[in-house]
Amino acid sequence: MFYKSTRNSNLKVDSAFAISQGISEDGGLFVPESIPGLTLDEIKYISGLSYSCRAAYIFKKYLTDFTDAEIQYCTDNAYSTKNFETENISEISHLFDGTYMLELWHGPTCAFKDMALQILPYFLTVSAKKLKIDKKIIILVATSGDTGKAALEGFKDVEGTQIMVFYPECGVSPMQKRQMTTQEGSNVGVCAVKGNFDDCQSGVKKIFTDNEIRAALDENSLMFSSANSINWGRLVPQVVYYISAYATLVSDEEISLGEKINIVVPTGNFGNILAAYYAKHMGLPVAKLICASNINNVLTDFIKTGVYDKNREFYPTCSPSMDILISSNLERLLYILTGENDQKIKEWFSLLATCGKYEVDEDVKKKLAEEFYGGFCDDNDTKAAISSVFDKYSYTCDTHTAVAVKVYEDYRKETGDKTKTLIASTASPYKFSASVLDAVCKEAEGMDEYDMIDKLYELSNIDIPQSLAQLKNKPVLFKECIDKTDMKDFVLKSFNIK
(Lines give C-alpha, C1' and ligand atoms only; values in the text may rest on other atoms or scores of the structure.)
Protein backbone atom coordinates (compact mmCIF):
# COMPACT_ATOMS: atom_id res chain seq x y z
CA MET A 1 0.00 0.00 0.00
CA PHE A 2 1.47 3.31 -1.13
CA TYR A 3 0.30 6.83 -0.36
CA LYS A 4 -0.23 9.78 -2.69
CA SER A 5 -0.54 13.49 -2.05
CA THR A 6 -3.91 15.08 -2.72
CA ARG A 7 -1.98 17.71 -4.69
CA ASN A 8 0.38 15.36 -6.52
CA SER A 9 -0.97 12.00 -7.66
CA ASN A 10 2.45 11.02 -9.03
CA LEU A 11 3.96 10.98 -5.56
CA LYS A 12 4.17 7.50 -4.03
CA VAL A 13 5.48 6.93 -0.50
CA ASP A 14 4.99 4.17 2.04
CA SER A 15 3.03 4.60 5.26
CA ALA A 16 6.11 5.09 7.45
CA PHE A 17 7.13 8.10 5.36
CA ALA A 18 3.58 9.51 5.31
CA ILE A 19 3.24 9.20 9.07
CA SER A 20 6.67 10.59 9.90
CA GLN A 21 6.31 13.59 7.58
CA GLY A 22 2.68 14.32 8.50
CA ILE A 23 1.89 16.49 5.48
CA SER A 24 3.27 16.45 1.94
CA GLU A 25 5.83 19.12 1.02
CA ASP A 26 3.39 20.40 -1.63
CA GLY A 27 0.84 21.16 1.09
CA GLY A 28 -1.35 18.19 0.18
CA LEU A 29 -2.52 15.44 2.51
CA PHE A 30 -1.40 11.84 2.20
CA VAL A 31 -4.06 9.34 1.14
CA PRO A 32 -3.84 5.58 0.46
CA GLU A 33 -3.65 4.74 -3.24
CA SER A 34 -6.72 2.51 -2.77
CA ILE A 35 -9.18 1.64 -0.04
CA PRO A 36 -8.65 -1.96 1.08
CA GLY A 37 -11.59 -4.33 1.28
CA LEU A 38 -13.28 -5.79 4.34
CA THR A 39 -15.68 -8.74 4.01
CA LEU A 40 -18.57 -9.71 6.25
CA ASP A 41 -16.67 -12.86 7.19
CA GLU A 42 -13.81 -10.68 8.38
CA ILE A 43 -16.18 -8.55 10.46
CA LYS A 44 -17.58 -11.72 12.02
CA TYR A 45 -14.05 -12.92 12.76
CA ILE A 46 -12.85 -9.74 14.46
CA SER A 47 -16.01 -9.59 16.59
CA GLY A 48 -14.37 -12.27 18.74
CA LEU A 49 -11.14 -10.31 19.20
CA SER A 50 -10.04 -7.69 21.73
CA TYR A 51 -9.99 -4.06 20.63
CA SER A 52 -6.20 -4.17 20.34
CA CYS A 53 -6.35 -7.19 18.02
CA ARG A 54 -9.22 -5.69 16.00
CA ALA A 55 -7.12 -2.58 15.48
CA ALA A 56 -4.08 -4.62 14.45
CA TYR A 57 -6.18 -6.54 11.93
CA ILE A 58 -7.34 -3.31 10.25
CA PHE A 59 -3.94 -1.61 10.40
CA LYS A 60 -2.34 -4.50 8.51
CA LYS A 61 -4.45 -3.53 5.51
CA TYR A 62 -3.12 0.04 5.48
CA LEU A 63 0.37 -0.13 7.00
CA THR A 64 1.79 -2.83 4.78
CA ASP A 65 5.39 -1.74 5.31
CA PHE A 66 5.02 -2.45 9.05
CA THR A 67 5.65 -6.00 10.23
CA ASP A 68 2.91 -7.85 12.11
CA ALA A 69 5.07 -7.65 15.23
CA GLU A 70 5.49 -3.88 14.88
CA ILE A 71 1.76 -3.35 14.51
CA GLN A 72 0.95 -5.58 17.47
CA TYR A 73 3.55 -3.72 19.55
CA CYS A 74 1.82 -0.43 18.74
CA THR A 75 -1.72 -1.66 19.46
CA ASP A 76 -0.87 -3.59 22.62
CA ASN A 77 0.84 -0.55 24.15
CA ALA A 78 -1.81 1.97 23.08
CA TYR A 79 -5.02 0.05 23.76
CA SER A 80 -4.74 -1.27 27.29
CA THR A 81 -6.28 -0.55 30.67
CA LYS A 82 -3.19 1.46 31.63
CA ASN A 83 -4.46 4.10 29.19
CA PHE A 84 -8.22 3.51 29.11
CA GLU A 85 -10.73 3.16 31.93
CA THR A 86 -12.51 0.24 30.29
CA GLU A 87 -11.26 -3.07 28.92
CA ASN A 88 -13.40 -2.54 25.83
CA ILE A 89 -11.53 0.75 25.13
CA SER A 90 -14.77 2.23 23.75
CA GLU A 91 -18.26 1.47 25.05
CA ILE A 92 -21.68 1.36 23.40
CA SER A 93 -24.71 2.67 25.29
CA HIS A 94 -28.27 2.06 24.12
CA LEU A 95 -30.00 5.43 23.94
CA PHE A 96 -33.37 4.31 22.65
CA ASP A 97 -34.66 1.58 20.36
CA GLY A 98 -32.20 1.11 17.52
CA THR A 99 -30.02 4.09 18.48
CA TYR A 100 -26.63 3.60 20.07
CA MET A 101 -24.01 5.91 21.59
CA LEU A 102 -20.45 4.98 20.68
CA GLU A 103 -18.56 6.36 23.70
CA LEU A 104 -15.08 7.29 22.52
CA TRP A 105 -14.03 9.19 25.63
CA HIS A 106 -12.79 6.60 28.12
CA GLY A 107 -9.13 7.44 27.51
CA PRO A 108 -6.72 9.59 29.56
CA THR A 109 -7.99 12.97 28.33
CA CYS A 110 -11.69 12.05 28.17
CA ALA A 111 -12.16 12.77 24.45
CA PHE A 112 -12.30 10.75 21.24
CA LYS A 113 -8.89 12.06 20.20
CA ASP A 114 -7.33 9.57 22.64
CA MET A 115 -8.42 6.73 20.36
CA ALA A 116 -5.85 7.90 17.81
CA LEU A 117 -3.37 9.89 19.85
CA GLN A 118 -2.52 7.07 22.22
CA ILE A 119 -1.22 5.06 19.27
CA LEU A 120 0.25 7.80 17.06
CA PRO A 121 3.46 8.16 19.12
CA TYR A 122 4.12 4.44 18.62
CA PHE A 123 3.39 4.70 14.89
CA LEU A 124 5.72 7.67 14.66
CA THR A 125 8.66 6.23 16.58
CA VAL A 126 8.42 2.90 14.71
CA SER A 127 8.26 4.80 11.39
CA ALA A 128 11.33 6.85 12.32
CA LYS A 129 13.30 3.68 13.09
CA LYS A 130 12.19 2.04 9.85
CA LEU A 131 13.32 5.10 7.88
CA LYS A 132 16.56 5.38 9.91
CA ILE A 133 15.69 8.95 10.85
CA ASP A 134 18.28 10.26 13.28
CA LYS A 135 16.69 13.68 13.72
CA LYS A 136 14.63 14.88 16.65
CA ILE A 137 10.96 15.07 15.60
CA ILE A 138 9.07 18.24 16.48
CA ILE A 139 5.31 17.72 16.68
CA LEU A 140 3.32 20.86 15.91
CA VAL A 141 -0.36 20.81 16.83
CA ALA A 142 -3.24 23.22 16.32
CA THR A 143 -6.18 22.41 18.57
CA SER A 144 -9.75 23.49 19.07
CA GLY A 145 -9.62 21.89 22.51
CA ASP A 146 -9.36 18.11 22.61
CA THR A 147 -6.55 17.28 20.18
CA GLY A 148 -4.06 19.40 22.10
CA LYS A 149 -4.35 17.64 25.43
CA ALA A 150 -4.59 14.20 23.82
CA ALA A 151 -1.43 14.87 21.78
CA LEU A 152 0.42 16.24 24.82
CA GLU A 153 -0.51 13.18 26.83
CA GLY A 154 0.39 10.81 24.03
CA PHE A 155 3.81 12.33 23.28
CA LYS A 156 4.76 13.25 26.87
CA ASP A 157 8.38 12.19 27.47
CA VAL A 158 8.50 10.13 24.24
CA GLU A 159 12.18 9.86 23.38
CA GLY A 160 13.33 11.68 20.26
CA THR A 161 10.31 14.01 20.11
CA GLN A 162 9.23 17.45 21.25
CA ILE A 163 5.69 18.78 20.99
CA MET A 164 4.22 22.29 20.77
CA VAL A 165 0.47 22.87 20.96
CA PHE A 166 -1.27 26.07 19.87
CA TYR A 167 -4.84 26.74 21.04
CA PRO A 168 -7.22 29.72 20.54
CA GLU A 169 -7.06 31.92 23.61
CA CYS A 170 -10.84 32.21 24.06
CA GLY A 171 -11.88 29.20 22.00
CA VAL A 172 -11.65 26.29 24.45
CA SER A 173 -13.56 25.35 27.59
CA PRO A 174 -12.03 26.16 31.02
CA MET A 175 -11.43 22.45 31.60
CA GLN A 176 -9.75 21.99 28.21
CA LYS A 177 -7.50 24.98 28.90
CA ARG A 178 -6.56 23.71 32.34
CA GLN A 179 -5.80 20.26 30.93
CA MET A 180 -3.29 21.76 28.52
CA THR A 181 -1.72 24.48 30.64
CA THR A 182 -0.96 22.09 33.52
CA GLN A 183 0.60 19.46 31.24
CA GLU A 184 3.71 17.84 32.67
CA GLY A 185 6.56 16.40 30.60
CA SER A 186 10.12 17.29 29.68
CA ASN A 187 9.37 17.68 25.97
CA VAL A 188 6.06 19.57 25.92
CA GLY A 189 5.05 23.15 25.15
CA VAL A 190 1.72 24.97 25.06
CA CYS A 191 0.85 28.43 23.77
CA ALA A 192 -2.39 30.38 23.41
CA VAL A 193 -3.05 32.32 20.18
CA LYS A 194 -5.11 35.51 19.89
CA GLY A 195 -7.55 34.21 17.30
CA ASN A 196 -9.68 31.17 16.54
CA PHE A 197 -8.84 27.57 15.68
CA ASP A 198 -8.61 28.31 11.96
CA ASP A 199 -5.88 30.86 12.73
CA CYS A 200 -3.97 28.22 14.70
CA GLN A 201 -4.42 25.58 11.99
CA SER A 202 -3.43 27.92 9.16
CA GLY A 203 -0.40 29.06 11.10
CA VAL A 204 0.81 25.51 11.68
CA LYS A 205 0.32 24.54 8.02
CA LYS A 206 2.29 27.62 6.90
CA ILE A 207 5.15 26.68 9.22
CA PHE A 208 5.15 23.13 7.83
CA THR A 209 5.56 24.35 4.25
CA ASP A 210 7.97 27.23 4.94
CA ASN A 211 11.19 26.53 2.98
CA GLU A 212 13.27 28.79 5.22
CA ILE A 213 12.21 26.84 8.30
CA ARG A 214 12.77 23.49 6.54
CA ALA A 215 16.35 24.49 5.75
CA ALA A 216 16.92 25.59 9.32
CA LEU A 217 15.53 22.30 10.62
CA ASP A 218 17.95 20.33 8.46
CA GLU A 219 20.88 22.33 9.79
CA ASN A 220 19.80 21.59 13.35
CA SER A 221 19.04 17.86 12.82
CA LEU A 222 15.34 18.43 13.39
CA MET A 223 12.18 17.61 11.43
CA PHE A 224 8.51 18.45 11.73
CA SER A 225 5.59 16.08 11.98
CA SER A 226 1.96 16.56 12.92
CA ALA A 227 -0.46 15.07 15.44
CA ASN A 228 -3.46 16.73 13.82
CA SER A 229 -5.70 14.63 11.62
CA ILE A 230 -3.85 15.95 8.59
CA ASN A 231 -1.47 13.12 9.57
CA TRP A 232 -2.64 9.78 8.17
CA GLY A 233 -1.40 8.13 11.35
CA ARG A 234 -4.10 10.09 13.21
CA LEU A 235 -6.88 9.24 10.79
CA VAL A 236 -6.46 5.50 10.30
CA PRO A 237 -7.03 4.64 14.00
CA GLN A 238 -10.38 6.42 13.73
CA VAL A 239 -11.45 4.03 10.97
CA VAL A 240 -10.99 1.18 13.44
CA TYR A 241 -13.55 2.21 16.01
CA TYR A 242 -16.44 2.30 13.55
CA ILE A 243 -15.61 -1.20 12.33
CA SER A 244 -15.12 -2.37 15.90
CA ALA A 245 -18.45 -0.89 16.99
CA TYR A 246 -20.28 -2.65 14.17
CA ALA A 247 -18.60 -5.95 15.11
CA THR A 248 -19.71 -5.47 18.72
CA LEU A 249 -23.31 -4.75 17.71
CA VAL A 250 -23.27 -7.98 15.68
CA SER A 251 -21.81 -10.05 18.53
CA ASP A 252 -24.34 -8.51 20.95
CA GLU A 253 -27.14 -9.48 18.49
CA GLU A 254 -28.27 -5.87 18.22
CA ILE A 255 -27.92 -6.07 14.44
CA SER A 256 -27.55 -8.95 12.01
CA LEU A 257 -24.33 -9.39 10.05
CA GLY A 258 -24.69 -7.36 6.84
CA GLU A 259 -27.47 -5.13 8.18
CA LYS A 260 -26.86 -1.50 7.26
CA ILE A 261 -26.61 1.19 9.90
CA ASN A 262 -26.45 4.98 9.81
CA ILE A 263 -23.54 6.78 11.48
CA VAL A 264 -23.90 10.27 12.98
CA VAL A 265 -20.76 12.28 13.69
CA PRO A 266 -20.39 15.73 15.28
CA THR A 267 -17.48 17.26 13.41
CA GLY A 268 -15.72 20.48 12.54
CA ASN A 269 -12.52 19.42 10.85
CA PHE A 270 -14.22 16.52 9.00
CA GLY A 271 -11.68 13.91 10.12
CA ASN A 272 -13.98 11.86 12.34
CA ILE A 273 -16.69 11.48 9.71
CA LEU A 274 -14.12 10.91 6.97
CA ALA A 275 -12.91 7.90 8.97
CA ALA A 276 -16.48 6.56 8.87
CA TYR A 277 -16.49 7.12 5.09
CA TYR A 278 -13.31 5.04 4.76
CA ALA A 279 -14.86 2.29 6.90
CA LYS A 280 -17.94 2.28 4.70
CA HIS A 281 -15.94 2.03 1.51
CA MET A 282 -13.86 -0.78 2.93
CA GLY A 283 -17.10 -2.74 3.09
CA LEU A 284 -18.71 -1.84 6.41
CA PRO A 285 -22.50 -1.95 5.89
CA VAL A 286 -23.33 1.76 6.27
CA ALA A 287 -26.34 3.50 4.74
CA LYS A 288 -26.08 7.24 5.48
CA LEU A 289 -23.30 9.32 6.96
CA ILE A 290 -24.88 12.16 8.93
CA CYS A 291 -22.60 15.15 9.41
CA ALA A 292 -23.59 17.24 12.45
CA SER A 293 -22.36 20.84 12.85
CA ASN A 294 -22.94 23.59 15.35
CA ILE A 295 -23.86 27.12 14.26
CA ASN A 296 -20.50 27.35 12.44
CA ASN A 297 -22.28 25.38 9.74
CA VAL A 298 -19.89 25.66 6.80
CA LEU A 299 -20.02 21.86 6.28
CA THR A 300 -23.81 21.73 6.31
CA ASP A 301 -23.99 24.38 3.62
CA PHE A 302 -21.31 22.62 1.59
CA ILE A 303 -23.04 19.25 1.66
CA LYS A 304 -26.31 20.85 0.60
CA THR A 305 -24.99 23.24 -2.07
CA GLY A 306 -21.50 22.16 -3.09
CA VAL A 307 -20.23 25.65 -2.21
CA TYR A 308 -17.59 25.91 0.49
CA ASP A 309 -17.54 29.46 1.82
CA LYS A 310 -15.62 30.38 4.96
CA ASN A 311 -16.45 34.07 4.48
CA ARG A 312 -18.97 34.19 7.29
CA GLU A 313 -19.22 35.21 10.90
CA PHE A 314 -17.37 32.96 13.32
CA TYR A 315 -19.33 31.99 16.45
CA PRO A 316 -17.75 30.81 19.72
CA THR A 317 -20.12 28.11 20.99
CA CYS A 318 -20.65 25.69 23.87
CA SER A 319 -19.28 22.96 21.56
CA PRO A 320 -15.88 24.63 20.99
CA SER A 321 -14.07 21.66 19.45
CA MET A 322 -16.34 22.14 16.43
CA ASP A 323 -15.80 25.90 16.13
CA ILE A 324 -14.04 25.57 12.79
CA LEU A 325 -14.52 27.20 9.38
CA ILE A 326 -11.70 25.46 7.48
CA SER A 327 -12.29 21.70 7.49
CA SER A 328 -8.90 20.37 6.43
CA ASN A 329 -9.86 16.72 6.00
CA LEU A 330 -12.45 17.60 3.39
CA GLU A 331 -9.53 17.75 0.96
CA ARG A 332 -9.08 13.98 1.24
CA LEU A 333 -12.73 13.30 0.48
CA LEU A 334 -12.78 15.61 -2.53
CA TYR A 335 -9.64 13.98 -3.89
CA ILE A 336 -11.49 10.65 -3.86
CA LEU A 337 -14.74 12.04 -5.27
CA THR A 338 -12.94 13.73 -8.19
CA GLY A 339 -11.27 10.47 -9.17
CA GLU A 340 -7.94 11.65 -7.70
CA ASN A 341 -7.86 14.82 -9.78
CA ASP A 342 -5.00 16.66 -8.09
CA GLN A 343 -5.35 19.66 -10.42
CA LYS A 344 -8.91 20.30 -9.27
CA ILE A 345 -7.85 19.96 -5.66
CA LYS A 346 -5.05 22.49 -6.11
CA GLU A 347 -7.44 24.86 -7.89
CA TRP A 348 -10.18 24.64 -5.25
CA PHE A 349 -7.89 24.95 -2.25
CA SER A 350 -5.98 27.78 -3.85
CA LEU A 351 -9.31 29.58 -4.16
CA LEU A 352 -10.06 28.80 -0.52
CA ALA A 353 -6.72 30.33 0.48
CA THR A 354 -7.08 33.45 -1.68
CA CYS A 355 -10.85 34.07 -1.80
CA GLY A 356 -12.17 31.94 1.05
CA LYS A 357 -14.58 30.14 -1.26
CA TYR A 358 -14.85 27.46 -3.94
CA GLU A 359 -17.60 25.46 -5.64
CA VAL A 360 -17.27 21.82 -6.68
CA ASP A 361 -18.66 20.49 -9.96
CA GLU A 362 -22.04 18.81 -10.42
CA ASP A 363 -20.67 15.27 -10.34
CA VAL A 364 -19.09 15.84 -6.95
CA LYS A 365 -22.27 17.50 -5.64
CA LYS A 366 -24.25 14.42 -6.64
CA LYS A 367 -21.81 12.06 -4.92
CA LEU A 368 -21.88 14.19 -1.77
CA ALA A 369 -25.68 14.03 -1.63
CA GLU A 370 -25.65 10.26 -2.08
CA GLU A 371 -23.24 9.68 0.78
CA PHE A 372 -23.92 12.44 3.30
CA TYR A 373 -26.67 14.32 5.09
CA GLY A 374 -25.69 17.62 6.68
CA GLY A 375 -27.42 19.40 9.53
CA PHE A 376 -26.66 21.88 12.30
CA CYS A 377 -28.02 23.43 15.47
CA ASP A 378 -27.29 26.41 17.69
CA ASP A 379 -26.39 26.47 21.39
CA ASN A 380 -30.02 26.65 22.53
CA ASP A 381 -30.91 23.51 20.61
CA THR A 382 -27.71 21.83 21.81
CA LYS A 383 -28.63 22.38 25.45
CA ALA A 384 -32.24 21.40 24.78
CA ALA A 385 -30.96 18.10 23.37
CA ILE A 386 -28.83 17.51 26.49
CA SER A 387 -31.88 18.19 28.69
CA SER A 388 -34.19 15.99 26.59
CA VAL A 389 -31.83 13.00 26.57
CA PHE A 390 -31.22 13.40 30.31
CA ASP A 391 -34.93 13.56 31.13
CA LYS A 392 -36.04 10.76 28.80
CA TYR A 393 -33.21 8.28 29.11
CA SER A 394 -31.23 9.30 32.22
CA TYR A 395 -28.21 9.63 29.95
CA THR A 396 -25.82 12.57 30.18
CA CYS A 397 -24.06 13.68 27.03
CA ASP A 398 -21.62 16.48 26.36
CA THR A 399 -22.26 19.48 24.15
CA HIS A 400 -20.70 17.99 21.00
CA THR A 401 -22.56 14.69 21.24
CA ALA A 402 -25.76 16.68 21.83
CA VAL A 403 -25.26 18.42 18.47
CA ALA A 404 -25.21 14.98 16.86
CA VAL A 405 -28.36 13.94 18.74
CA LYS A 406 -30.26 17.04 17.62
CA VAL A 407 -29.18 16.75 13.99
CA TYR A 408 -30.10 13.06 13.99
CA GLU A 409 -33.56 13.90 15.35
CA ASP A 410 -33.98 16.45 12.55
CA TYR A 411 -32.83 13.86 9.99
CA ARG A 412 -35.39 11.30 11.20
CA LYS A 413 -38.21 13.84 11.09
CA GLU A 414 -37.22 14.99 7.61
CA THR A 415 -36.67 11.56 6.07
CA GLY A 416 -38.65 9.08 8.15
CA ASP A 417 -35.57 6.85 8.08
CA LYS A 418 -35.64 4.40 11.00
CA THR A 419 -32.43 2.56 10.14
CA LYS A 420 -30.51 1.56 13.27
CA THR A 421 -28.04 4.30 14.00
CA LEU A 422 -24.70 4.73 15.75
CA ILE A 423 -23.97 8.19 17.19
CA ALA A 424 -20.34 9.07 17.86
CA SER A 425 -20.12 10.39 21.43
CA THR A 426 -16.93 12.39 21.39
CA ALA A 427 -16.26 13.72 24.89
CA SER A 428 -17.05 13.19 28.55
CA PRO A 429 -19.74 15.55 29.85
CA TYR A 430 -17.33 16.52 32.64
CA LYS A 431 -15.17 18.40 30.14
CA PHE A 432 -18.04 20.84 29.56
CA SER A 433 -19.67 20.83 32.98
CA ALA A 434 -20.92 24.42 32.89
CA SER A 435 -22.91 23.99 29.69
CA VAL A 436 -24.19 20.52 30.66
CA LEU A 437 -25.33 21.71 34.09
CA ASP A 438 -26.97 24.75 32.54
CA ALA A 439 -28.94 22.37 30.35
CA VAL A 440 -30.05 19.89 33.01
CA CYS A 441 -30.51 21.93 36.19
CA LYS A 442 -29.61 25.62 35.68
CA GLU A 443 -27.39 25.55 38.79
CA ALA A 444 -23.92 26.22 37.39
CA GLU A 445 -23.80 29.95 38.14
CA GLY A 446 -21.32 30.85 40.86
CA MET A 447 -19.62 27.46 40.90
CA ASP A 448 -16.03 26.85 39.97
CA GLU A 449 -15.07 24.09 37.53
CA TYR A 450 -14.61 21.50 40.28
CA ASP A 451 -17.85 22.31 42.11
CA MET A 452 -19.54 21.81 38.75
CA ILE A 453 -17.94 18.40 38.38
CA ASP A 454 -19.18 17.37 41.83
CA LYS A 455 -22.69 18.61 41.05
CA LEU A 456 -22.73 16.83 37.72
CA TYR A 457 -21.70 13.62 39.47
CA GLU A 458 -24.65 13.97 41.87
CA LEU A 459 -27.02 14.26 38.92
CA SER A 460 -25.54 11.81 36.46
CA ASN A 461 -23.83 9.23 38.69
CA ILE A 462 -21.17 8.87 35.96
CA ASP A 463 -17.78 8.22 37.53
CA ILE A 464 -15.58 11.32 37.56
CA PRO A 465 -12.47 10.63 35.45
CA GLN A 466 -9.41 10.69 37.71
CA SER A 467 -7.47 12.69 35.14
CA LEU A 468 -9.94 15.57 35.52
CA ALA A 469 -10.34 15.32 39.29
CA GLN A 470 -6.56 15.59 39.76
CA LEU A 471 -6.30 18.84 37.80
CA LYS A 472 -7.50 20.96 40.70
CA ASN A 473 -4.19 20.89 42.52
CA LYS A 474 -1.87 21.00 39.53
CA PRO A 475 0.09 24.21 38.91
CA VAL A 476 -0.35 26.12 35.66
CA LEU A 477 2.91 25.72 33.72
CA PHE A 478 2.14 27.54 30.46
CA LYS A 479 0.86 31.12 30.37
CA GLU A 480 2.20 32.43 27.03
CA CYS A 481 -0.25 34.08 24.61
CA ILE A 482 0.86 35.39 21.21
CA ASP A 483 -0.55 37.03 18.12
CA LYS A 484 -1.32 34.65 15.25
CA THR A 485 1.32 36.42 13.14
CA ASP A 486 4.02 35.48 15.66
CA MET A 487 3.62 31.70 15.53
CA LYS A 488 6.62 31.13 13.25
CA ASP A 489 8.97 33.20 15.41
CA PHE A 490 7.64 31.51 18.53
CA VAL A 491 8.43 28.07 17.12
CA LEU A 492 11.92 29.11 16.07
CA LYS A 493 12.62 30.58 19.51
CA SER A 494 11.06 27.69 21.44
CA PHE A 495 13.19 25.06 19.73
CA ASN A 496 16.31 27.26 19.43
CA ILE A 497 16.23 27.02 15.63
CA LYS A 498 18.61 29.53 14.03
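Under a 3.5 Å cut-off, the side chain of N83 and the backbone N or O of A78 do form a donor-acceptor pair. For T317 (side chain) and D379 (main-chain N/O), no donor-acceptor pair under 3.5 Å exists by modelled atom type. R178 places a side-chain N or O within donor-acceptor distance of the main-chain N or O of K474, the cut-off being under 3.5 Å. Under a 3.5 Å cut-off, the side chain of E33 and the backbone N or O of F2 do form a donor-acceptor pair. D65 contributes a side-chain N or O that, together with a main-chain N or O of A16, makes up a donor-acceptor pair within less than 3.5 Å. No donor-acceptor distance shorter than 3.5 angstrom exists from the side chain of K113 to the backbone of W105, with no hydrogens or angles considered. At least one donor-acceptor pair closer than 3.5 Å links the side chain of T209 to the backbone N or O of K205. Remark: side-chain polar atoms of T67 are paired, donor with acceptor, to backbone N or O of E70 under 3.5 angstrom. Between the side chain of S20 and the backbone N or O of F17 there is at least one donor-acceptor pair closer than 3.5 Å. Judged by distance alone, with hydrogens and angles left aside, the side-chain atoms of N294 form no donor-acceptor pair with the main-chain N or O of F376 at under 3.5 Å.
Considering every non-hydrogen atom in both I482 and C191, the closest pair reads CG1-SG, 3.7 Å. Scanning both residues, T147 and A227, for their nearest heavy atoms gives CG2-O, 4.2 Å. Here the shortest heavy-atom pairing between R54 and S244 reads NH1-OG, 2.8 Å. Between L274 and R332, the closest heavy-atom pair is CD2-CB, 3.6 Å. Residues L235 and S229 share a closest heavy-atom pair of CB-O, 4.5 Å. Scanning both residues, N297 and R312, for their nearest heavy atoms gives OD1-NH1, 3.2 Å.
With hydrogens and angles left out, the side-chain atoms of T399 and S319 include no donor and acceptor closer than 3.5 Å. If you check the side chains of S425 and T401, you find a donor sitting under 3.5 Å from an acceptor. A donor-acceptor pair shorter than 3.5 Å can be found between the side chains of Q176 and S321. Residues Q183 and K156 have side chains that never bring a donor and an acceptor to within less than 3.5 angstrom of each other. For the residue pair D76/Q72, the side-chain donor-acceptor check at 3.5 Å is satisfied.
A centroid separation of less than 6.0 Å is found between the aromatic rings of F349 and Y358. Checked against the 6.0 Å centroid threshold, H400 and F432 count as a close aromatic pair. A distance of 6.0 Å or more separates the ring centres of F166 and F197. No close placement of the Y241 and F112 rings is indicated, their centers lying 6.0 Å or farther apart.
Relative ring orientation between F84 and Y79 is described as tilted, the plane-to-plane angle lying within the 30° to 60° band. Ring geometry for F66 against F123 counts as perpendicular: the plane angle is over 60°, on a 0 to 90° scale with 30° as the lower cut.
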Could you walk me through whether D309 and V298 pass the side-chain contact (heavy atoms from CB on, under 4.5 Å) test, one step at a time? CA-CA 7 Å; D309 187 356; V298 64; 5.7 Å; no

Could you give me the CA-CA distance, side-chain angles and deciding distance for K4 and D342, then say whether salt bridge (Lys or Arg N to Asp or Glu O under 4.0 Å) is met? CA-CA 10 Å; K4 303 176 180 180; D342 53 6; over 6 Å; no

Between Y3 and I19, is a side-chain contact (heavy atoms from CB on, under 4.5 Å) present by the stated rule, with each step listed? CA-CA 10 Å; Y3 290 78; I19 290 169; over 6 Å; no

Apply salt bridge (Lys or Arg N to Asp or Glu O under 4.0 Å) to D210 and K488, showing your working. CA-CA 9 Å; D210 187 302; K488 174 180 173 179; 3.0 Å; yes

E331 and R7: salt bridge (Lys or Arg N to Asp or Glu O under 4.0 Å), yes or no, with the steps? CA-CA 9 Å; E331 183 168 340; R7 302 186 191 185; 2.8 Å; yes

Decide yes or no on ring pair (Phe, Tyr, Trp, His ring centres under 6.0 Å) for Y278 and W232, but give the supporting numbers first. CA-CA 12 Å; Y278 271 102; W232 178 253; 5.3 Å; yes

Decide yes or no on side chain to side chain donor-acceptor pair (under 3.5 Å) for S9 and Y335, but give the supporting numbers first. CA-CA 10 Å; S9 295; Y335 182 73; 2.6 Å; yes

Would K383 and D438 count as a salt bridge (Lys or Arg N to Asp or Glu O under 4.0 Å) if you check the C-alpha gap in whole Å, the side-chain angles of each, and the deciding distance to 0.1 Å? CA-CA 8 Å; K383 291 180 180 179; D438 187 49; 2.9 Å; yes

Using side-chain contact (heavy atoms from CB on, under 4.5 Å), reason through S15 and Y62 one step at a time and then give a plain yes or no. CA-CA 8 Å; S15 67; Y62 285 100; over 6 Å; no

Working note: Q179 + E153, criterion side-chain contact (heavy atoms from CB on, under 4.5 Å); need CA distance, chi angles, decisive distance, verdict. CA-CA 10 Å; Q179 280 185 303; E153 193 64 29; over 6 Å; no

As a quick check of understanding, evaluate side chain to side chain donor-acceptor pair (under 3.5 Å) for N329 and Y277, giving each step before the final call. CA-CA 12 Å; N329 269 289; Y277 174 90; over 6 Å; no

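Note on D361 versus K344: salt bridge recorded, some NZ/NE/NH1/NH2 to OD/OE distance being below 4.0 Å. We find that E371 and K280 are joined by a salt bridge, their nearest charged nitrogen and carboxylate oxygen being less than 4.0 Å apart. Ionic pairing of K194 and D199 is not present here: no N-O contact between side-chain nitrogen and carboxylate oxygen is shorter than 4.0 angstrom.
To the nearest 0.5 angstrom, S327 atom OG is 11.0 Å from I273 atom CD1. The CG atom of L152 lies 9.5 Å from the CG atom of L117; values are rounded to the nearest 0.5 Å. A distance of 13.0 Å separates CG in N8 from CD1 in I345, rounded to the nearest 0.5 Å. Distance check, rounded to the nearest 0.5 Å: OG of S226 to CD1 of I137 gives 12.0 Å. Going from atom OH of Y430 over to atom CD of E449 covers 12.5 Å, rounded to the nearest 0.5 Å.
At a threshold of 4.5 Å between non-hydrogen side-chain atoms, the residues D146 and T109 do not count as touching. Here the side chains of I58 and I243 are in contact, with some heavy-atom distance below 4.5 Å. At a threshold of 4.5 Å between non-hydrogen side-chain atoms, the residues M223 and L217 do not count as touching.
The local environment of NZ in K130 is crowded, with over 12 non-hydrogen atoms from other residues, nucleotides or ligands closer than 6.0 Å. Heavy atoms from other residues, nucleotides or ligands lying under 6.0 Å from NZ of K479 number 12 at most. When the shell of 6.0 Å around CZ of F372 is examined, it contains more than 12 heavy atoms from other residues, nucleotides or ligands. Environment of NZ in K177: sparse, with no more than 12 heavy atoms of neighbouring residues, nucleotides or ligands closer than 6.0 Å.
Applying side chain to side chain donor-acceptor pair (under 3.5 Å) to Q201 and the options T143, N228, N269, N196 leaves one that passes, N269.
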